[in-house]
Structure formats: structure tokens, C-alpha cells
Amino acid sequence: TKVVVVGASHGGHQAILELLHRYDNLDITMFEAGDFVSFMSCGMELYLENSVTDVNDVRNFEPKQFTDQGVHVLNNHEVTKINADKKTVTVKDAKSGELADYDYDKLILSSGVTPNNLPIPGTDLENVALMRGYDWATTIKSKLEDSSVKNITIIGAGYIGIEAAEASRKAGKNVTLLDMLDRPLGAYLDSEMTDILNKHLEDKGINVVMGATIKSFDGDGAVKAVTTDKGTFDSDFVIQAAGVKPNTDWLKGIVNLTDRGFIETNEYLQTNLPDVYAVGDATLTYSIAAQAKMPIALATVARRQARYVTQHLFEKQPSVPFKGLVGSSALSVFDYHFATSGLNEASAKRNGVTVASSFYEDTLRPSYVPEGEDNPKVYVKILFDPQTHRLLGGGVLSTYDITAEGNVLALAIQNEMKVEDLAEADFFFQPGFDRQWSLMNLAAQHALGESK
Ligand code: FAD
């Protein structure tokens, strides 16, 4: 039985791990268009900040790990077409330029996304970068190490833009962070938390310019400035982190795509073609909180989808549909750490979900421990259905690492628990760690209007 996997990133990696674990005697082939196999963009900031020094270590797997087990891992091989009638894929060998067809019984697509250039003049200038994958990682790193690069401008204040800004600042650069939204991380966190983080970014010396329309990248050969409606910013290097495009042009007219180019899948993660499945950033995910499909571009999502697909790959009719996910993520912003799960006010609005919300502020430990480094401030935001009190989303933030509480919230949302359940959940108390009631208990009680 031949299984073909397209893309060697999180979705493809997990698919192969699962296939090898679950089944014997499969003939597995992975095609990867790029040269470097399985660069882990999630680990790029650690590389840029020198926590990991060899770029070749920033990867999900080395091909040998799988080729030793009989898997064919073909890099520099781009799949250009699916021939569903013959159950073959056409593949272009980037080195020789030759095309060849390969048979499949089952085909798993995890072709992911590519970051967008802004639709403005100057994106083709030298020293304008994107931030994903091996090649851009090494380019960005070389610019951070180049003392002639003084001013770096980051376009987009989402997760990736924030990582770029922090790494650039830590490398001693003058950093301007631009976004069209009115606050950094505005697509991920509500304003109570972004207010704190905006100030913190400024305290760390980043020039935070929000609500900006970016007009052009200017320069002669190489970029020299970024022009916006809020001023012109000197720039020796620009990193664009403002949106992505699914790698699905090659599937047009073959596999059903949404109008934005995402691969359409059913509740079994099957495409419209028999025995062709799709996972990862190139697809939409069913959000348990929104009860709708949406892009949730996370490695965690790709891996859970790949696990589901391989579990049910050889069932005539999959025994259970994919349950959906909540979408959980975390990030450090200099001295702060946050984690978030499910919906926020912006994504709830976008999906037409009515939410009630509560913002809770406290200290980590009981009040007899003086507030400060040993007893820092902690913040929790909870979103829930105003009628049923079902938990729909939220986040946690502190200078202390309370991100594990974000996973508590994720579990509660995924299991469709109510605010009342979280208010009463039996969590530990130990004053070295928390208060007489655990933080999530207190935040939920606060959401129920209880003040004690
Ligand atoms: P991708 O990672 O997009 O990879 C797709 C692969 O398929 C590519 O290697 C591509 O070359 C290949 N390919 C495409 N088309 C073809 C074709 N036709 N033939 C052959 N090969 C093809 N997520 C988290 O959960 N946590 C994090 O901390 C995190 N941090 C991130 C930091 C950065 C800077 C970035 C950029 C992303 C981060 N993400 C994080 C998101 C995460 O990287 C993605 O969600 C994840 O990589 C998606 O995996 P994927 O398999 O869908 O596709």
C-alpha cells in the first residue's frame, strides 16, 4: 500500500510518525519542494537570539530518522499535480527539472502557506525579508549580526512580528514595529492585555506605531525607508510578517478550494478527491468555540489533524469525525509571558459569536507575600456565552510564567465546560505557588460576579 505525503513540516512529520507507529508494510514517500527538510519556524526566534546556534538543528526531523525505517524522503521535489483518475501525483525534480509520476493509494497533503509580500511598491528591494523557513532565517540572522544594519522595521505586530521585533531589539537594533491594527497582537489578545504589552514593548525601546497604513518601501537597490501615513521610518532592513497565502495554486481546478485558496475538507479531513486528505495551515479547522471553520495556523493544529487522518486512513467510513480544536498558543514578550486559547473579542466578532467577558487582575500568591518579584501581578481574561456560560476563550498574562494556566483554560473550552465548572474545579493550593483558591478558580468566580 502506497502512502504519499506532501510537505515535510509539522503536518507531514506527524503523518509519518503516526503511519510508522500504526501500520506495518506501508510504502511511504514524502515529497518536499524545498532543499532543507523540516525547518521549524516555531524555533526561529531561539536561533535568532542565539539560544540555538546551528541553524541546521532548528528542524522537526532529519531525513535519516525516517529513511532508516524505509521511508522515501525526497527533498527538492515539488508535487505539481494530482491525477485522481490514475491515482498518481506528478512531481518535478528541482535539480534535474524532470517530471515523473508516482502512484498513491492514500495521499496526505500538508503543503502549508507562504508569507505574503505587501501589495505596495518596493517589496522587491534588497534587504526586505519575510520570516518563515530556513532561507529567510539565515538571512535575518546575518542582518542581526551585521553592524551596518542599524534600523530595522517590522511590518505586522502578530506573533511573528513580535518575535522579529524582540530578536532585533536584543541584537541592539533600533526597531520600529508597524501594524494597520490599532494595537500589537490585536488579532490574538483583548485590549486589557495588549495595553500592558504595548507599554512594555515601548519600555524595551521599540518604536510601536499602530494604526498605520504602509505606503511603500523606498530605496535605490536596497531599502532605505518605509513610508506610511504616520511618517517615514529609516530602515536598513525590513521584515514583513503580515499575512500568508496557502500553497495551493497547483491544486486549482483539481481539489476544491475556498475563495481564499484554503483546501476544503469535510469532517473527516477528506478533500473532494477519493483517498486524498489535507491537514495543516493550508486548510481551515473546525473551531469548537466558534462552531465554525476558520484558519488556525498553528503547528499544534497540523499535528492533531495528521494524527486523526492517519488513525482513520484505512477505514472505509471513518468511525468518528474530527472533533475540532480550540487553538492554543503562547508567547514571551520580553519580560511578560502570555497564553491564549479559543476566541478573543476580535475573533468572536468576526465569527458572529456573542460573548460575555471578564478581566481578572490579582497577585500570584496570597496578599501577605509582598507584591513584587516574588508575588507578581497576574491577569486572566475569560470569554463565555452570556446565556449558557459555556467557556469560549481567554488568556493569561504575567511576568511570572503562568502559561500552563492557558492549557487549563484550553481543556475547559475543548470539553465545553461552563464558567461555573471552572469556578469550582478542584485545583491545589500551596502558598509557594498560588492563592487559597487557584487563579483560574478566582478568575471564573470573578466572571460570575462574585467578589470576596
Ligand atoms: P508548513 O509549515 O507551511 O510547511 C509546508 C511544507 O510543504 C513546506 O516545507 C513547503 O516547502 C512544502 N510544500 C508546499 N507545497 C509543496 C508541493 N507542491 N510539493 C512539495 N512540497 C510542498 N505554531 C505553533 O503552534 N507554535 C509556535 O510557536 C509557532 N511559531 C511560529 C513561528 C514562526 C516564525 C512561524 C513562521 C510560524 C510559527 N508557527 C507556530 C506556525 C507553524 O509553523 C505552522 O502552523 C506549521 O508550520 C504548519 O505546518 P504545515 O505542515 O501545515 O505547513
Side-chain angles (χ1 to χ4, degrees), residues 4-16 29-48 58-61 73-82 89-94 102 107-116 129-137 140 154 156 158-167 188 239-252 254-255 261-263 269 278-285 295-306 309 325 327-332 339-341 403 410:
V4 167
V5 176
V6 180
S9 183
H10 287 277
H13 178 221
Q14 190 66 36
I16 299 213
T29 304
M30 168 183 263
F31 294 110
E32 165 54 48
D35 182 44
F36 187 84
V37 169
S38 214
F39 183 76
M40 195 203 282
S41 288
C42 313
M44 196 191 305
E45 187 182 0
L46 293 176
Y47 164 64
L48 296 177
V58 189
R59 68 193 325 168
N60 289 300
F61 68 96
V73 179
L74 300 176
N75 61 333
N76 294 308
H77 277 66
E78 183 183 353
V79 183
T80 59
K81 212 172 152 207
I82 302 173
V89 284
T90 304
V91 182
K92 185 175 176 189
D93 179 336
Y102 294 79
L107 176 59
I108 302 173
L109 309 176
S110 193
S111 58
V113 297
T114 302
N116 278 337
L130 297 162
M131 187 159 157
R132 195 182 184 98
Y134 182 94
D135 293 345
W136 287 120
I140 295 170
I154 318 285
Y159 275 72
I160 297 169
I162 295 284
E163 289 187 355
E166 184 165 343
Y188 301 97
I239 302 173
Q240 303 178 89
V244 294
K245 187 182 163 310
N247 294 324
T248 54
D249 280 352
W250 61 287
L251 295 170
K252 273 186 192 150
I254 303 173
V255 168
F262 290 100
I263 301 171
L269 309 187
V279 303
D281 284 12
T283 67
L284 302 178
T285 303
I296 309 181
L298 288 167
T300 49
V301 171
R303 287 186 180 274
R304 281 152 185 75
Q305 292 175 328
V309 163
L325 293 166
S328 305
S329 54
L331 190 69
S332 291
T340 169
S341 194
T403 51

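Read the numbers this way: they start at 1 and go in the same order the structure lists the ligands and their atoms.
Within the model, atoms CG of Asp35 and CG of Asn75 stand 5.5 Å from one another, a figure rounded to the nearest 0.5 Å.
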message: Working note: Ser111 + Asn247, criterion side chain to side chain donor-acceptor pair (under 3.5 Å); need CA distance, chi angles, decisive distance, verdict.
response: CA-CA 6 Å; Ser111 58; Asn247 294 324; 5.5 Å; no

- prompt: So Ser329 and Tyr159, side chain to side chain donor-acceptor pair (under 3.5 Å) or not? Walk me through it.
  reply: CA-CA 10 Å; Ser329 54; Tyr159 275 72; 2.5 Å; yes

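Partner His10 forms a side chain to side chain contact (heavy atoms under 4.5 Å, CB included) with one of Ser38, Cys42, Ser110 and no other, that one being Cys42.
The shortest side-chain heavy-atom distance between Leu74 and Thr29 falls under the 4.5 Å cut-off. In this structure the side chain of Leu48 never reaches within 4.5 angstrom of the side chain of Glu163, judged on heavy atoms.
Ligand 1 is surrounded by Val6, Gly7, Ser9, His10, Gly11, Phe31, Glu32, Ala33, Ser41, Cys42, His77, Glu78, Val79, Ser110, Ser111, Gly112, Val113, Met131, Arg132, Ile160, Glu163, Asn247, Trp250, Gly280, Asp281, Ala297, Leu298, Ala299, Thr300, each with at least one heavy atom closer than 4.0 Å.
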